[in-house]
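Here the structure is laid out as structure tokens; the discussion comes afterwards.
Since we're looking at a predicted model, the values are computed, not measured.
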Amino acid sequence: MTDIEELLLSRIRDVEDYPEQGVMFKDITPLLADPAAFTALTDALAEIAERTGATKVVGLEARGFILGAPVAVRAGLGFIPVRKAGKLPGATLRQAYELEYGSAEIEVHAEDLGTDDRILIVDDVLATGGTAEAAIQLIHRAGAEVAGVAVLMELGFLGGRGRLEPALRGAPLEALLQV
């Protein structure tokens with residue numbers, strides 16, 4: 001295990017039976033509250049943005065906003081929020097996707113993405129991959145290219161990587177931690 005992996009893991013708190021019985025929630029708020037850990041996380045994700053040749057960072061609501069915005073600033077890139085449907089004013093592209101217990105929709109301002117853009121999608125956790133897959137579809141529909149997906153941690157037992165790989169079309173999926 002690398003030093004950064006140890007640092008990040010040491011700042012993630014396990015919360016049993018949250019939000020429901022039998023679930024072990026990975027709470028990243030202690031990591032965000034620690035300036036050294038948050039800086040290390042931002043630097044690691046910004047390095048991925050630079051390595052993938054990203055021109056913009058997309059953050060997925062809501063924790064992807066917290067992580068993606070400082071990554072964009074650190075890498076000298078623009079930041080684009082992908083929000084829950086109905087939260088953005090003006091013209092948007094919308095994508096529906098299936099959740100474990102129903103469905104949801106996300107959207108983005110269409111004018112924020114162009115055909116010359118290479119987008120790095122940033123989020124805190126890759127679980128089943130539904131939200132990230134919908135974001136990839138939105139980016140492709142806007143005519144932009146997906147440079148990759150970067151997450152703090154991947155919950156491998158939920159199979160999100162297998163779901164995303166076809167949609168990524170060869171772009172990398174990088175998780176700083178495997179849980």
Within-4.5 Å side-chain heavy-atom neighbours: [X] and [Y]:
X	Y	value
V58	I139	yes
L177	E154	no
V122	F79	no

Applying side chain to side chain donor-acceptor pair (under 3.5 Å) to S103 and not counting sequence neighbours gives none
Is any side-chain N of the basic residue among E61 and K87 closer than 4.0 Å to the acidic one's carboxylate O?
no
Salt-bridged, E145 to R118, with N to O below 4.0 Å?
yes
Testing the basics here: between [X] and [Y], what is the closest heavy-atom pair and its distance to 0.1 Å?
X	Y	value
L120	A147	N-CB, 4.3 Å
A91	E111	O-OE1, 3.8 Å
A49	A75	CB-CB, 4.2 Å
A54	L77	O-CD2, 3.4 Å
P30	D27	CD-O, 3.5 Å

Do [X] and [Y] belong to the same hydrophobic cluster, where Ile, Leu, Val, Met, Phe, Trp and Tyr are linked whenever their side-chain heavy atoms lie under 4.5 Å apart, directly or via other members?
X	Y	answer
F65	V71	yes
F157	L152	yes
I48	M153	yes
L176	V57	yes
F38	V151	no

Check: [Y] main-chain N/O paired with [X] side-chain donor or acceptor under 3.5 Å:
X	Y	result
R11	A33	no
D17	G22	yes
T39	A36	no
D117	I119	no
H109	P89	yes

Nearest 0.5 angstrom please: [X] [atom1] to [Y] [atom2], how far?
X	Y	atom1	atom2	answer
I106	K84	CD1	NZ	11.5 Å
L8	I12	CG	CD1	6.0 Å
T42	E47	OG1	CD	13.5 Å
R94	E105	CZ	CD	5.0 Å
L60	L138	CG	CG	9.5 Å
R83	L88	CZ	CG	6.0 Å

Tell me whether the count of non-hydrogen atoms from other residues, nucleotides or ligands lying under 6.0 Å of CG in D116 goes above 12.
no
Count the heavy atoms of every other residue, nucleotide or ligand shown that sit under 6.0 Å from CD of E16, and state whether that count exceeds 12.
no
What residues, two or more places apart in sequence or in another chain, satisfy ring-ring contact (aromatic ring centres under 6.0 Å, His included) together with Y18?
F25
Should I121 and D123 be marked as a side-chain contact (heavy atoms from CB on, under 4.5 Å) after you check the CA-CA gap, both sets of side-chain angles, and the distance that decides it?
CA-CA 7 Å; I121 299 168; D123 205 4; 5.5 Å; no
Please name the residue in the list L9, L67, L41 that meets the side chain to side chain contact (heavy atoms under 4.5 Å, CB included) test with L31.
L41
Which donor-acceptor pairs under 3.5 Å do side chains of residues 124-137 form with protein atoms, sequence neighbours excluded?
from	atom 1	to	atom 2	distance (Å)
D124	OD2	R63	NE	2.4
T131	OG1	Y97	OH	3.1
E133	OE1	R163	NE	2.8
E133	OE1	R163	NH2	3.1
Q137	OE1	Q95	NE2	2.9

